[in-house]
Amino acid sequence: MTAAPGPLPESALDELADAIAVGATIAGLGESTRFAHETFGVRDELFHRLVRRHGFRALALQDDAAAGATLDAYVTGGAGTAASALESAWRPWRTAEMAAALDWIRTFNQDHPDDPVRILGVKPAQAWPGDYDAVLEHVRRTAPHLLAELAFHLELIRSAHEIDEHVQRARGLHPGRPFAEHARDALAIVERLPGGAVLARMRLIVDFHERSVAGRDDYAGDAQTWAETISDHRRRTGHRVAYWDGIAHTSAAPTTLGLAPQRGPQPTVGSVLRRRHGVGYVSVAIGFHHGDLGVATVPEPDPDWLDARLDAAGRPAQWLDLRSGDLRRRWDGPAKTRVISGVYDSSRDAAEHLAVASLPDAFDVLVHLRRVSPVRWLPA
């Protein structure tokens, strides 16, 4: 164990990165929330060290292939700014912290033009706001009498590209009818018209809404597909890969969400990667005890949660490598740890967690911070 009187110092981060890199070809660097400046900062600092000291040359993100390609174009010398590159990215990535992370990668790549860091999105290509515009414009030109009906469906559901549909439901913003149903109705309109290219765009819109958390009624995502994207990049390039996501995705073992306990343990991207790569996949969980996330104030966790157990000594920051025999035996067994998503509600904090059957099977390394503050959102 390494503890620090404040945020993890340089020496501790060096030691932690060295520990993660031992035998790792893919490192899942997961956060318990996407809203904390400090957890993002620890992950980013670890990534810097994995790149500089251990030859990691790929960053996989939960976003689609096109968004990943846009970010990759920027960090490999493309035009624009980090903020402009993030305009089409998934909303949780549109922060000042992420813009700074992209600028660091871009600078590294300028200094290492023959050995750059590349970025990839783990999801297949999906609909973007421009697809809605293209479909509406096609109908405006070819069948203007259908435009009002089509616009009713599309203008309503395109809001999911700014606030995910399941988050809209949780915040009381949702209009009621599932977005996937609106998308299918819009598709039925477009299918009556000529134009193969625009039909393909409309089908992409339907796929976007059907595969969303709300459309699938499932937070787990498509673990097999996302893991295959990462594994395929590793096979094709030989790059060591860092995978940034939430701990519910990076866990190396199936997880049960406290908001959906009836579903039982669900496969994760990390659990698929562990099956395929064995100990070559290293799972890191970066969590916290309490703090103000801007979107919500998170209270102290239940006493039996991992976050409370790690905080028992009152240290502001510490890390554990559970691959160590003594530590594995000490921490082995079931565990609950907090996970704060976009639907977090402090009034049901007791349900805002994930559970695993064996803590060391799920996470090789734990990083615990006591108090956190909000990320800084980029201007809309």
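From a predicted model like this one, the values you see are computed outputs, not experimental measurements.
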Electrostatic pair [X]:[Y] at N-O distance under 4.0 angstrom:
X	Y	value
Arg34	Glu97	no
Arg201	Asp131	yes
Arg235	Asp232	yes
Asp164	Arg171	no
Asp364	Arg328	no
Glu210	Arg184	yes

What pairs of donor and acceptor atoms, side-chain ones from residues 294-307 against any protein atom, are under 3.5 angstrom apart with sequence neighbours left out?
unit_1, atom_1, unit_2, atom_2, d
Asp307, OD1, Thr337, OG1, 3.3
Asp307, OD1, Arg338, N, 2.9
Asp307, OD2, Thr337, OG1, 3.2

Would [X] end up clustered with [Y] when hydrophobic side chains under 4.5 Å apart are linked, directly or stepwise?
X	Y	result
Trp90	Leu29	yes
Phe47	Trp319	yes
Tyr281	Val272	no
Trp93	Tyr74	yes
Tyr132	Val135	yes

Could you label the plane-to-plane angle of the [X] and [Y] rings as parallel, tilted or perpendicular, counting under 30° as parallel and over 60° as perpendicular?
X	Y	result
His249	Trp226	tilted
His153	His182	tilted
Phe108	His112	parallel
His233	His239	tilted

[X] versus [Y]: any side-chain heavy-atom pair under 4.5 Å?
X	Y	answer
Arg275	Pro267	no
Leu366	Leu359	yes
Phe363	Val284	no
Leu46	Leu16	yes
Asp311	Arg371	no
Arg263	Thr256	no

Legend entry - Worked verdict on Val367 versus Leu8 for side-chain contact (heavy atoms from CB on, under 4.5 Å): CA-CA 10 Å; Val367 183; Leu8 287 170; 3.9 Å; yes

Inset, instruction - Check the pair Glu155, Leu150 against side-chain contact (heavy atoms from CB on, under 4.5 Å), reporting the backbone distance first and the verdict last. - result: CA-CA 8 Å; Glu155 296 298 348; Leu150 180 70; over 6 Å; no

Can you tell me how far apart [atom1] ([X]) and [atom2] ([Y]) are? Round to the nearest 0.5 Å.
X	Y	atom1	atom2	result
Ile26	Phe56	CD1	CZ	9.0 Å
His166	Asp217	NE2	CG	11.0 Å
Thr95	Trp377	OG1	CH2	6.5 Å
Phe179	Leu154	CZ	CG	11.5 Å
Leu120	Leu71	CG	CG	10.5 Å
Leu369	Phe288	CG	CZ	9.5 Å

Short side-chain to backbone donor-acceptor contact, [X] and [Y], under 3.5 Å:
X	Y	value
Ser346	Asp349	no
Thr33	Ile340	yes
Gln168	Ile163	yes
Ser159	Leu156	yes
Glu352	Asp345	yes
Arg140	Pro144	no
Asn109	Val75	yes
Arg43	Trp244	no
His54	Val51	no
Asp72	Ile119	yes

Would you please say whether a donor-acceptor pair under 3.5 Å links the side chains of [X] and [Y]?
X	Y	result
Tyr243	Asp245	yes
Gln266	Thr255	no
His174	Glu165	yes
Ser231	His277	yes

Legend entry - Qualifying residues under side-chain hydrogen bond (donor to acceptor under 3.5 Å, both in side chains), relative to Asp292, sequence neighbours excluded: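 Result, side-chain hydrogen bond (donor to acceptor under 3.5 Å, both in side chains) vs Asp292: none returned.
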
Distance-minimising heavy-atom pair for [X] and [Y]:
X	Y	result
Ala60	Val241	CB-CG1, 4.1 Å
Val167	Gly342	CG1-O, 3.5 Å
Ala252	Asp361	CB-O, 3.5 Å
Pro194	His138	O-NE2, 2.7 Å
Gly78	Arg106	O-NH1, 2.8 Å
Leu378	Arg91	O-NH1, 4.3 Å

Inset, instruction - Walk me through it: do Arg234 and Thr229 pass the test side-chain contact (heavy atoms from CB on, under 4.5 Å)? - result: CA-CA 9 Å; Arg234 166 69 187 164; Thr229 300; over 6 Å; no

Inset, instruction - Start with the C-alpha gap between Trp104 and His48, add the side-chain angles, then the distance that decides, and say whether ring pair (Phe, Tyr, Trp, His ring centres under 6.0 Å) holds. - result: CA-CA 8 Å; Trp104 184 91; His48 294 176; 4.0 Å; yes

Inset, instruction - Decide yes or no on side-chain contact (heavy atoms from CB on, under 4.5 Å) for Asp63 and Val122, but give the supporting numbers first. - result: CA-CA 6 Å; Asp63 214 325; Val122 300; over 6 Å; no

Legend entry - For Leu199, all residues meeting side chain to side chain contact (heavy atoms under 4.5 Å, CB included), sequence neighbours excluded: Leu187, Val190, Glu191, Arg203

Legend entry - salt bridge (charged side-chain N to carboxylate O under 4.0 Å, His left out), paired with Arg49, selected from Asp44, Asp18, Asp14: Asp14

